[in-house]
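Quick notes on the structure that follows.
The figures that follow rest on heavy atoms only: side chains count, while hydrogens, waters and symmetry mates do not. Naming: A, B, ... by sequence-line order, numbering from 1 per chain.
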Protein chains: 2
Amino acid sequence: MKNSELSDEALEMIASRFGLLASPSRLRILNSLGDQEFSVGEIVVRTDTNQATVSKHLSTLFNAGILSRRKEGLTVYYRVSDQTIFNICDIVCDRLRDQLETRQMAFTNLVTKPKRSRK
Amino acid sequence: MKNSELSDEALEMIASRFGLLASPSRLRILNSLGDQEFSVGEIVVRTDTNQATVSKHLSTLFNAGILSRRKEGLTVYYRVSDQTIFNICDIVCDRLRDQLETRQMAFTNLVTKPKRSRK
DNA sequence: TAGATATATGCATATATGGTTATATGCATA
DNA sequence: TATGCATATAACCATATATGCATATATCTA
(Lines give C-alpha, C1' and ligand atoms only; values in the text may rest on other atoms or scores of the structure.)
Protein backbone atom coordinates (compact mmCIF):
# COMPACT_ATOMS: atom_id res chain seq x y z
CA MET A 1 0.00 0.00 0.00
CA LYS A 2 2.82 2.31 0.91
CA ASN A 3 4.35 1.97 -2.52
CA SER A 4 1.50 1.22 -4.85
CA GLU A 5 -0.76 3.49 -6.82
CA LEU A 6 -4.29 2.50 -5.94
CA SER A 7 -7.18 3.08 -8.28
CA ASP A 8 -10.31 4.86 -7.14
CA GLU A 9 -12.16 1.58 -7.33
CA ALA A 10 -9.61 -0.17 -5.14
CA LEU A 11 -9.73 2.66 -2.63
CA GLU A 12 -13.50 2.36 -2.47
CA MET A 13 -13.33 -1.35 -1.86
CA ILE A 14 -10.76 -0.98 0.88
CA ALA A 15 -12.67 1.86 2.46
CA SER A 16 -15.93 -0.03 2.47
CA ARG A 17 -14.22 -3.00 4.04
CA PHE A 18 -13.03 -0.75 6.84
CA GLY A 19 -16.52 0.69 6.98
CA LEU A 20 -17.78 -2.71 8.00
CA LEU A 21 -15.53 -2.59 11.03
CA ALA A 22 -16.31 1.02 11.83
CA SER A 23 -19.37 0.13 13.85
CA PRO A 24 -19.46 -0.77 17.53
CA SER A 25 -22.48 -2.99 16.95
CA ARG A 26 -20.80 -5.04 14.28
CA LEU A 27 -17.60 -5.28 16.28
CA ARG A 28 -19.62 -6.45 19.25
CA ILE A 29 -21.16 -9.14 17.09
CA LEU A 30 -17.79 -10.25 15.74
CA ASN A 31 -16.32 -10.22 19.22
CA SER A 32 -19.18 -12.27 20.60
CA LEU A 33 -18.76 -14.81 17.84
CA GLY A 34 -15.05 -15.34 18.31
CA ASP A 35 -14.29 -18.57 16.51
CA GLN A 36 -17.49 -20.26 17.56
CA GLU A 37 -20.74 -20.64 15.73
CA PHE A 38 -23.97 -19.10 17.02
CA SER A 39 -27.52 -18.69 15.86
CA VAL A 40 -29.06 -15.29 15.24
CA GLY A 41 -31.11 -15.62 18.38
CA GLU A 42 -28.09 -16.47 20.46
CA ILE A 43 -26.22 -13.51 19.07
CA VAL A 44 -29.17 -11.27 19.86
CA VAL A 45 -28.96 -12.36 23.49
CA ARG A 46 -25.19 -12.29 23.73
CA THR A 47 -24.95 -8.80 22.31
CA ASP A 48 -28.16 -7.51 23.83
CA THR A 49 -29.17 -5.95 20.54
CA ASN A 50 -32.43 -5.70 18.64
CA GLN A 51 -33.17 -8.71 16.46
CA ALA A 52 -33.66 -6.75 13.27
CA THR A 53 -30.47 -4.86 13.85
CA VAL A 54 -28.50 -8.04 14.45
CA SER A 55 -29.99 -9.75 11.45
CA LYS A 56 -29.11 -6.87 9.20
CA HIS A 57 -25.57 -6.65 10.43
CA LEU A 58 -25.13 -10.36 10.01
CA SER A 59 -26.37 -10.16 6.44
CA THR A 60 -24.03 -7.30 5.73
CA LEU A 61 -21.04 -9.16 7.12
CA PHE A 62 -22.07 -12.31 5.32
CA ASN A 63 -22.38 -10.53 1.99
CA ALA A 64 -18.95 -9.05 2.50
CA GLY A 65 -17.52 -12.52 2.95
CA ILE A 66 -16.60 -12.03 6.59
CA LEU A 67 -19.14 -14.49 7.95
CA SER A 68 -20.31 -17.87 6.77
CA ARG A 69 -23.86 -19.09 7.27
CA ARG A 70 -25.48 -22.44 7.85
CA LYS A 71 -29.20 -23.10 7.99
CA GLU A 72 -30.70 -25.80 10.14
CA GLY A 73 -34.45 -25.87 10.21
CA LEU A 74 -35.63 -22.52 11.38
CA THR A 75 -32.39 -21.34 12.80
CA VAL A 76 -29.45 -19.83 10.98
CA TYR A 77 -25.96 -20.19 12.36
CA TYR A 78 -23.23 -17.71 11.67
CA ARG A 79 -19.50 -17.96 12.10
CA VAL A 80 -16.54 -15.76 11.29
CA SER A 81 -15.00 -17.10 8.11
CA ASP A 82 -12.47 -14.35 7.57
CA GLN A 83 -9.87 -14.71 10.27
CA THR A 84 -7.93 -11.69 9.07
CA ILE A 85 -10.59 -9.60 10.77
CA PHE A 86 -9.18 -10.63 14.11
CA ASN A 87 -5.64 -9.92 13.03
CA ILE A 88 -6.61 -6.43 11.99
CA CYS A 89 -8.52 -5.81 15.20
CA ASP A 90 -5.61 -7.00 17.27
CA ILE A 91 -3.25 -4.62 15.54
CA VAL A 92 -5.63 -1.75 16.17
CA CYS A 93 -6.13 -2.74 19.80
CA ASP A 94 -2.41 -2.93 20.43
CA ARG A 95 -1.89 0.40 18.80
CA LEU A 96 -4.65 2.02 20.84
CA ARG A 97 -3.18 0.62 24.01
CA ASP A 98 0.18 2.13 23.12
CA GLN A 99 -1.38 5.49 22.39
CA LEU A 100 -3.31 5.55 25.63
CA GLU A 101 -0.23 4.56 27.59
CA THR A 102 1.84 7.26 25.95
CA ARG A 103 -0.79 9.87 26.64
CA GLN A 104 -1.15 8.66 30.18
CA MET A 105 2.56 9.09 30.75
CA ALA A 106 2.63 12.46 29.07
CA PHE A 107 -0.17 13.60 31.31
CA THR A 108 1.54 12.29 34.42
CA ASN A 109 4.72 14.13 33.52
CA LEU A 110 2.72 17.21 32.80
CA VAL A 111 1.25 17.39 36.28
CA THR A 112 4.22 16.12 38.28
CA LYS A 113 7.30 17.49 36.57
CA PRO A 114 6.69 21.22 36.91
CA LYS A 115 6.56 21.03 40.69
CA ARG A 116 9.86 19.20 40.85
CA SER A 117 11.75 21.29 38.37
CA ARG A 118 10.68 24.37 40.24
CA LYS A 119 11.89 23.56 43.73
CA MET B 1 -10.04 -9.73 20.37
CA LYS B 2 -11.28 -13.19 19.67
CA ASN B 3 -11.13 -14.13 23.32
CA SER B 4 -11.58 -10.90 25.21
CA GLU B 5 -14.70 -9.18 26.44
CA LEU B 6 -14.53 -5.66 25.11
CA SER B 7 -16.26 -2.78 26.86
CA ASP B 8 -18.57 -0.46 24.98
CA GLU B 9 -15.99 2.26 25.27
CA ALA B 10 -13.28 0.05 23.80
CA LEU B 11 -15.57 -0.96 20.96
CA GLU B 12 -16.26 2.68 20.19
CA MET B 13 -12.59 3.51 20.11
CA ILE B 14 -11.81 0.61 17.82
CA ALA B 15 -14.74 1.42 15.59
CA SER B 16 -13.80 5.05 15.28
CA ARG B 17 -10.26 4.07 14.41
CA PHE B 18 -11.62 1.95 11.59
CA GLY B 19 -13.88 4.83 10.68
CA LEU B 20 -10.81 6.87 9.90
CA LEU B 21 -9.83 4.33 7.27
CA ALA B 22 -13.34 3.95 5.92
CA SER B 23 -12.97 6.85 3.53
CA PRO B 24 -11.50 6.72 0.04
CA SER B 25 -10.27 10.29 0.37
CA ARG B 26 -8.38 9.61 3.54
CA LEU B 27 -6.95 6.40 2.13
CA ARG B 28 -5.87 8.30 -0.94
CA ILE B 29 -4.10 10.81 1.26
CA LEU B 30 -2.36 8.11 3.29
CA ASN B 31 -1.41 6.28 0.14
CA SER B 32 -0.02 9.43 -1.43
CA LEU B 33 2.04 10.11 1.69
CA GLY B 34 3.64 6.69 1.91
CA ASP B 35 6.59 7.15 4.21
CA GLN B 36 7.50 10.55 2.88
CA GLU B 37 6.67 13.98 4.18
CA PHE B 38 4.57 16.40 2.16
CA SER B 39 3.01 19.82 2.65
CA VAL B 40 -0.70 20.35 2.55
CA GLY B 41 -0.41 22.03 -0.82
CA GLU B 42 1.56 19.16 -2.23
CA ILE B 43 -0.99 16.67 -0.94
CA VAL B 44 -3.77 18.70 -2.50
CA VAL B 45 -2.06 18.39 -5.87
CA ARG B 46 -1.03 14.76 -5.47
CA THR B 47 -4.53 13.65 -4.51
CA ASP B 48 -6.35 16.16 -6.70
CA THR B 49 -8.68 17.04 -3.86
CA ASN B 50 -10.17 20.27 -2.59
CA GLN B 51 -7.90 22.15 -0.20
CA ALA B 52 -10.44 22.38 2.58
CA THR B 53 -11.23 18.72 2.28
CA VAL B 54 -7.59 17.75 2.47
CA SER B 55 -6.94 20.04 5.40
CA LYS B 56 -9.83 18.60 7.33
CA HIS B 57 -8.80 15.03 6.70
CA LEU B 58 -5.24 15.81 7.68
CA SER B 59 -6.40 17.36 10.93
CA THR B 60 -8.59 14.38 11.64
CA LEU B 61 -5.78 11.93 11.03
CA PHE B 62 -3.38 14.06 13.03
CA ASN B 63 -5.73 14.24 15.99
CA ALA B 64 -6.10 10.49 15.89
CA GLY B 65 -2.35 10.11 16.12
CA ILE B 66 -1.94 8.65 12.68
CA LEU B 67 -0.06 11.59 11.22
CA SER B 68 2.63 13.84 12.61
CA ARG B 69 2.89 17.49 11.71
CA ARG B 70 5.73 19.96 11.31
CA LYS B 71 5.38 23.63 10.66
CA GLU B 72 7.90 25.62 8.68
CA GLY B 73 6.96 29.20 8.05
CA LEU B 74 3.69 29.21 6.22
CA THR B 75 3.70 25.60 5.21
CA VAL B 76 2.75 22.57 7.26
CA TYR B 77 4.26 19.21 6.54
CA TYR B 78 2.53 15.96 7.33
CA ARG B 79 3.87 12.45 7.57
CA VAL B 80 2.43 9.10 8.56
CA SER B 81 3.57 8.41 12.11
CA ASP B 82 1.55 5.27 12.70
CA GLN B 83 3.04 2.57 10.52
CA THR B 84 0.50 0.00 11.64
CA ILE B 85 -1.92 1.71 9.27
CA PHE B 86 -0.02 0.28 6.35
CA ASN B 87 0.09 -3.17 7.91
CA ILE B 88 -3.66 -3.12 8.32
CA CYS B 89 -4.24 -1.90 4.80
CA ASP B 90 -1.96 -4.57 3.40
CA ILE B 91 -3.89 -7.28 5.20
CA VAL B 92 -7.14 -5.94 3.82
CA CYS B 93 -5.75 -5.62 0.33
CA ASP B 94 -4.46 -9.18 0.33
CA ARG B 95 -7.76 -10.45 1.61
CA LEU B 96 -9.70 -8.54 -1.04
CA ARG B 97 -7.45 -9.92 -3.73
CA ASP B 98 -8.14 -13.44 -2.48
CA GLN B 99 -11.85 -12.85 -2.44
CA LEU B 100 -11.91 -11.43 -5.93
CA GLU B 101 -9.83 -14.31 -7.22
CA THR B 102 -12.11 -16.86 -5.61
CA ARG B 103 -15.19 -15.19 -7.00
CA GLN B 104 -13.59 -14.93 -10.39
CA MET B 105 -12.92 -18.65 -10.41
CA ALA B 106 -16.37 -19.47 -9.13
CA PHE B 107 -17.85 -17.41 -11.91
CA THR B 108 -15.69 -19.05 -14.51
CA ASN B 109 -16.75 -22.50 -13.32
CA LEU B 110 -20.32 -21.36 -13.28
CA VAL B 111 -20.37 -20.43 -16.93
CA THR B 112 -18.17 -23.21 -18.27
CA LYS B 113 -19.05 -26.24 -16.20
CA PRO B 114 -22.76 -26.56 -16.96
CA LYS B 115 -22.12 -26.90 -20.67
CA ARG B 116 -19.65 -29.70 -20.11
CA SER B 117 -21.63 -31.61 -17.57
CA ARG B 118 -24.63 -31.45 -19.80
CA LYS B 119 -23.19 -32.90 -22.97
C1' DT C 1 -54.01 -26.78 7.27
C1' DA C 2 -53.39 -23.71 11.25
C1' DG C 3 -50.38 -22.00 14.44
C1' DA C 4 -45.86 -21.20 16.39
C1' DT C 5 -41.18 -19.89 15.91
C1' DA C 6 -36.69 -17.98 13.86
C1' DT C 7 -35.01 -14.98 10.73
C1' DA C 8 -35.23 -11.46 7.13
C1' DT C 9 -37.02 -7.27 5.08
C1' DG C 10 -39.59 -2.74 4.17
C1' DC C 11 -40.29 1.57 5.89
C1' DA C 12 -39.59 5.69 8.57
C1' DT C 13 -36.53 8.38 11.20
C1' DA C 14 -32.48 10.08 13.54
C1' DT C 15 -27.78 10.81 13.21
C1' DA C 16 -23.31 11.06 11.22
C1' DT C 17 -20.21 12.08 7.50
C1' DG C 18 -18.07 14.04 3.39
C1' DG C 19 -17.63 17.69 0.42
C1' DT C 20 -17.84 22.63 -1.02
C1' DT C 21 -17.74 27.64 -0.63
C1' DA C 22 -16.52 31.37 1.88
C1' DT C 23 -13.89 33.21 5.34
C1' DA C 24 -10.58 33.36 9.19
C1' DT C 25 -5.97 32.73 11.00
C1' DG C 26 -1.13 32.95 11.14
C1' DC C 27 3.16 34.00 9.21
C1' DA C 28 6.29 36.35 6.05
C1' DT C 29 7.67 40.30 3.58
C1' DA C 30 7.42 44.80 1.10
C1' DT D 1 1.41 48.51 8.74
C1' DA D 2 -0.48 46.56 4.56
C1' DT D 3 -0.39 42.75 1.50
C1' DG D 4 0.03 38.04 -0.05
C1' DC D 5 0.21 33.30 0.73
C1' DA D 6 -0.59 28.54 3.00
C1' DT D 7 -3.48 26.41 5.94
C1' DA D 8 -7.44 25.96 9.04
C1' DT D 9 -12.17 26.59 10.24
C1' DA D 10 -17.31 27.68 9.81
C1' DA D 11 -21.60 27.04 7.76
C1' DC D 12 -24.20 24.55 4.88
C1' DC D 13 -26.00 20.82 2.02
C1' DA D 14 -26.41 16.21 0.31
C1' DT D 15 -25.91 11.59 1.17
C1' DA D 16 -25.29 7.51 3.72
C1' DT D 17 -26.02 4.70 7.71
C1' DA D 18 -27.85 2.71 11.92
C1' DT D 19 -31.77 1.65 14.35
C1' DG D 20 -36.39 0.04 15.61
C1' DC D 21 -41.14 -1.16 14.56
C1' DA D 22 -44.10 -3.75 11.94
C1' DT D 23 -44.55 -7.31 8.93
C1' DA D 24 -43.18 -10.90 5.60
C1' DT D 25 -41.04 -15.32 4.77
C1' DA D 26 -39.80 -19.88 5.74
C1' DT D 27 -39.90 -23.97 8.42
C1' DC D 28 -41.53 -26.97 11.84
C1' DT D 29 -45.34 -29.22 14.41
C1' DA D 30 -49.96 -30.24 16.20
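Between the CG atom in Asp48(B) and the CD1 atom in Ile43(B) there is a gap of 14.0 Å [rounded to 0.5 Å]. Taking CD1 of Ile85(A) as the reference point, atom CD1 of Ile88(A) lies at 5.0 Å (rounded to 0.5 Å). One finds the CG atom of Leu27(B) at 10.0 Å from the CD atom of Glu12(A) (value rounded to the nearest 0.5 Å). Distance check, rounded to the nearest 0.5 Å: CG of Asp98(B) to CG of Asp82(A) gives 9.5 Å. The line from CG of Asn31(A) to CZ of Arg28(A) is 9.0 Å long, rounded to the nearest 0.5 Å. The distance from atom CG of Leu67(B) to atom CZ of Arg26(B), rounded to the nearest 0.5 Å, is 11.0 Å.
Within the structure, every side-chain polar atom (N or O) of His57(A) is placed at least 4.0 Å from both OP1 and OP2 of dT17(D). Proximity of Arg26(B) to the phosphate of dT17(C): no side-chain N or O atom is located under 4.0 Å from OP1 or OP2.
In this entry the distance linking CG of Asn50(B) with C1' of dT23(C) reads 14 Å, nearest Å. A straight line from CD of Glu12(A) to P of dG19(C) spans 10 Å, rounded to a whole angstrom. Look at CZ on Arg70(A): it is 15 Å from P on dT27(D), rounded to the nearest Å. The CD atom of Glu72(A) sits 15 Å away from the C1' atom of dA26(D) (whole-angstrom rounding). The separation between Leu11(A) atom CG and dG18(C) atom C1' is 15 Å, rounded to whole Å. Going from atom CZ of Phe62(A) over to atom C1' of dT9(C) covers 16 Å, rounded to whole Å. The distance from atom CG of Leu20(B) to atom C1' of dA16(C) is 14 Å, rounded to the nearest whole Å.
Formation of a donor-acceptor pair under 3.5 Å by the Ser81(A) side chain with backbone atoms of Ile66(A) is found in this model. Checked by atom type and distance alone, the side chain of Gln83(B) never pairs as donor or acceptor with a backbone atom of Asp35(B) at under 3.5 Å.
You'll find the side chain of Cys93(A) reaches within 4.5 Å of the side chain of Ile14(B), heavy atoms only.
Comparing Thr49(A) and Gly73(A), the nucleotide of DNA chain D nearest to each residue sits closer to the 5' end for Thr49(A).
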Secondary structure of DNA chain C in dot-bracket form (Watson-Crick or G-U wobble, distances below 3.5 Å, | marking inter-strand pairs): ||||||||||||||||||||||||||||||
B/S/- contact track for nucleotides 6-15 of chain D, protein heavy atom under 4.0 Å: SBBB-B----
